[in-house]
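Remarks on the structure that follows.
Basis for what follows: all heavy atoms, side chains included, without hydrogens, waters or symmetry-related copies.
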Amino acid sequence: MIKKISLTLTTACLTIICFAQDNSGEFHGDFDLNMQSYQEDELIGAKAADEIILNNAYLNINYTKGDFSAGLRYESYLNALLDFDDEYKGNGIMFRYATYTIDGLEVTAGNYYEQIGSGLIFRSYENKGLGQDNAMDGVRLKYRPLKGVYLKGFIGKSRTYFTYSDGIIRGADAEINVNEALNLESKTRIIVGQGFVSRFQADINPKLLLPQNVAAYSSRLNIINGGWNYSGEYAIKLNDPVGSATAEENNYANGNALMSSLTYSQRGFGIVAEMHRVDHMEFRSERAKEKQYIINYIPTLTKQHTYTLLALHPCATQPEGEFGTQIDVFYKIKKGSLLGGKYGTKISFNFSRINALNGGNSFLNDNSEHTPMFISIKGEELYFRDLNLEIYKKINKKIRVTGVIARQSYNKDVLEKPGNYGIVESTIAIADISYKIKKGHTVRIELQELLTDGGDGSWSMGLVEYTVSPHWFFAVQDMYNWGNHDLEKQLHYVNINCGFLSGSNRFAIGYGKKRAGIFCVGGVCKEVPSSNGFSLTISSSF
Amino acid sequence: MKNIITLFSFILIITSCDVVEGPYLIDDGGVTPVDTSSNTYVKKVLIEDFTGHTCSNCPAAARELEAIHDLYENQIIGMALHVSTSFARPNPIGNPYDYDFRTDWGDSWSNFFGISSLPSGMVNRIGYPNEHKLGKDSWLDAVIIELEKEIDFGISITSDVNGNEGTITVNTELINDVVGDYNLVVCLTESHIIDWQKDGQTDNEFYEHNHALRTVLSDESLSSSTTYIIGDNISLPININLNTLEQYNIDYSTNTAEAGNGNAGGWNAENMSVIAYIYDNTSQEIVQVEEAHLMNK
């Protein structure tokens, strides 16, 4: 049935696109190809692929004419890269849509991505780097009935790999910009929003009473005044037991989540204070308790590091229960001052701390009931702590330096995999030096050090990157796990990459070893297996 | 205005939600198990549970299998296949987790069905090739749907094994006329094996491993013909020697399995079962399955 619908809509899209060629619309598209060879490497535990070479590729084509647009995405996994779930296999047009807007009403049929508020109750999105794509397939309406009032409603099924989940997802959201709606000329701007999502899945369980329609609500508030900005959102998910035969695993408790953020910023200075509390808030497109069905998103509360060793122990949000706080301060020391020098100095300080809820997440069934304290920090199991200071300094016209020092605590048992690893305490230092040799020629050196007695032990990393803009770049990187407690695993992970950019096309080839680890984007993480081999990346757009 | 009405109607429709009040457990489990003790054949379901002794989430899947078995009793037949080079890999002999539960057939099926994460399971292998791998929380719904299917084949098993040797006979009776390409698989599993298992954050030295696949005695075409007539009887006698079969696993662990250590013996025939199932060679669906004790108790 799904295949038939898919075929019909695809045909419709293609027809529209062909028909449109006689008119004056615009086509845009982009293409990505990621090819990787896999050789066996016993030392790092890398496996050879039977196919030798694996490949992921995507082509997006979009057509726009006035208030009408249509498009599709062709995906090819022959076969999928090893760090992708092998459920991604084969070729197919897995995303196709048509949308138009008339008199303030936007109508979309086919696939779409959508988010309510910050995503606490619903987020449909794709991130190819994470192998994540839970696109909706159905219809969506957006409407602005009055100035400052924005409504949207949608219904559909959520993508899971190459199929769609059993649950039917319905959602609605209303957002009111109070100033726009009431024509207020106030310096204070207020935006309020209310979202709702419901999942229907039939109950055939003979052992337990299950809700067939599981609902989640959220309310949000945003107040902006000058340099001040407050943003808050509170969400509730009603009873959502997993429906398994193991009765004691079924949790009928409501879930809830609270996010609160206060920001103050002015020229050269900014401060953000944030907290969130999440309790039994994983929402899925099916009852099954598996990550591929997740349709909501709890924004992470820790700094998203880009330097490799700073991100070696990343914090993945625990949607079933955590309490976190974060403070982020940015300050620019003025030019001409003692510390600021000729160009000024940028300083960024960040502290975050995440811990378990008191006694675990909310739980309710016939034999057990638990509601954790709303705020409890002292004595609770620590999940993650990060204290870091970053200084950026332009020394002269040729040299720029970034230095970072950090102290991190990482609960490997919770954030990575259950075991008896304990808390990995690490101290990290980074030096990033960029030197402009001459016009268009820049060399950048990264030196990184991570010291720890826990986990896989201490690491060093060095990177040299040479850029000849606008066409070429070359990079050599070595990660060395010199502190591994297992002497046989004190290994070097060397990577060599070079790339060529020409117009809208980008080509990159590389060779190297990747360590097994956790890769995260925005608090969503995946396990990546170790690998050894060549890679080819081509991206293009028009 | 018309659009506003449409949109608000839409919102009103979806604002329905269910709030279930306790008690949540239905009194009698909602199920009256079918009497499987008579000679009448009833539909049975095989749950293949891909697992590993250092897979911390796998015991939850084993408990789910037992819970489904408690619900439908003998209509549910379980098989635990220890697979993967990471979670099922044994440690060097003398250390915890030094037993090698892996088998040639378990590894082969794991590859064939693309099992890449644990725990993972199949319910009568329904959904192959794209939707056959099910998380444990999806097993019950799949079982309920499977149990509603009619059966075309009846299987009975007789075992005449004493000591280490004997004969197992699997008899298949046609209940309906059938056309198709079917295979009959006969294998042995063992329960009540006490050994290490990671269970959440606990390393349990005395975990009870049940339904562990030990060996496959036959995986052949049910018949040379693809046409089966109601009332047909097909008998497959198999002579076995447990010592030989056990040695095969030891040799597999020693010579073939990745990082194997040869510690794959110590079988206890008293705790072994014979499982026989018929599957469609095209769809891979298991259409009927039966289980019997290896030793007459």
Side-chain angles (χ1 to χ4, degrees), chain A residues 45 47 85-87 89 103-105 141 143 145 151-153 155 161-163 166 170-172 174 196-198 202-216 238-239 241-247 249-250 252 286-290 292-293 364-367 413 417-420, chain B residues 1 3-4 6-8 10-26 28-31 54 56-57 60-61 63-72 85-86 111 114-117 129-131 133-141 143-145 198-203:
Chain A
K47 291 180 181 170
D85 197 299
D86 63 3
E87 295 292 315
K89 195 171 191 175
D103 297 334
L105 178 69
L141 302 175
Y143 194 57
L151 304 175
K152 65 185 168 192
I155 186 164
Y161 305 124
F162 267 80
T163 60
D166 286 345
R170 296 79 55 92
F196 173 87
V197 177
S198 167
D203 171 21
I204 58 171
N205 192 305
K207 190 173 179 178
L208 295 161
L209 291 172
L210 299 177
Q212 297 196 118
N213 295 284
V214 174
L238 299 182
N239 50 189
V242 72
S244 63
T246 314
E249 275 201 350
N250 284 272
Y252 287 79
E286 285 188 12
R287 291 194 191 96
K289 213 161 36 180
E290 292 165 54
Q292 64 267 32
Y293 298 115
L364 173 67
N365 67 20
D366 288 336
N367 302 316
D413 301 316
K417 56 184 174 183
N420 297 307
Chain B
M1 192 61 193
N3 289 330
I4 297 173
T6 306
L7 198 56
F8 275 92
F10 182 57
I11 291 169
L12 285 175
I13 288 167
I14 65 171
T15 49
S16 60
C17 58
D18 304 334
V19 176
V20 178
E21 303 287 345
Y24 307 108
L25 206 58
I26 297 169
D28 56 0
V31 172
T54 58
S56 55
N57 294 324
R63 287 190 281 272
E64 177 68 6
L65 199 161
E66 293 307 323
I68 296 173
H69 183 268
D70 289 347
L71 211 50
Y72 295 101
T85 53
S86 51
N111 287 331
I115 305 299
S116 56
S117 59
N130 296 319
E131 297 177 30
K133 291 179 276 185
L134 300 176
K136 69 176 182 64
D137 300 325
S138 301
W139 292 355
L140 178 58
D141 283 2
V143 162
I144 292 166
I145 293 165
K198 191 172 278 292
D199 188 351
Q201 295 200 25
T202 305
D203 291 293

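Contact annotation for B/I144: only side-chain heavy atoms (C-beta onward) come within less than 4.5 Å of a heavy atom of chain A. With a 4.5 Å cut-off on non-hydrogen atoms, B/D70 does not touch chain A at all. Looking at A/L238, only its side chain comes within 4.5 Å of chain B, counting heavy atoms on both sides. No part of B/E66 comes within reach of chain A, as not one of its non-hydrogen atoms sits under 4.5 angstrom from that chain. Only the side chain of B/L140 comes within contact range of chain A, judged by heavy atoms closer than 4.5 Å. Contact of A/K47 with chain B is made through the side chain alone, with heavy-atom distances under 4.5 Å.
A search for side chain to side chain contact (heavy atoms under 4.5 Å, CB included) contacts involving A/A174 returns A/L151, not counting sequence neighbours. Residues passing the side chain to side chain contact (heavy atoms under 4.5 Å, CB included) test with A/D203, sequence neighbours excluded: A/N205, A/L210, A/Q212, A/R287.
Top candidate by heavy-atom pairs under 4.5 Å with chain A, chosen from B/E64, B/Q201, B/R63, is B/E64. When the candidates A/A247, A/S244, A/A288 are compared by the number of heavy-atom contacts under 4.5 Å with chain B, A/S244 comes out ahead.
Between the B/D18 side chain and the A/N213 main chain, a donor and an acceptor come within less than 3.5 Å of each other.
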Exercise. Please walk me through it: do B/K133 and A/D86 pass side-chain contact (heavy atoms from CB on, under 4.5 Å)?
Worked result: CA-CA 11 Å; B/K133 291 179 276 185; A/D86 63 3; 3.4 Å; yes
Exercise. Where do B/L25 and A/L208 land on the side-chain contact (heavy atoms from CB on, under 4.5 Å) test, with the steps shown first?
Worked result: CA-CA 5 Å; B/L25 206 58; A/L208 295 161; 3.4 Å; yes
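Summarising the geometry of B/V20 relative to A/P211, their closest heavy-atom pair is CG2-N, 3.5 Å, with the distance given to 0.1 Å. Between A/E290 and B/G135 the shortest heavy-atom distance is OE2-CA, 2.9 Å. Taking both residues in full, the closest heavy atoms of B/Y24 and A/D366 are given as N-OD1, 2.9 Å, listed atom of the first, atom of the second, then distance.
For the pair B/P23/A/L209, no side-chain contact is recorded, criterion being any heavy-atom separation below 4.5 Å from C-beta on. In this structure, A/T246 and B/K136 have side chains that are not in contact, with every pair of non-hydrogen atoms separated by 4.5 Å or more. Contact annotation: the side chain of A/Y161 never approaches that of B/N130 to less than 4.5 Å [non-hydrogen atoms, C-beta and beyond].
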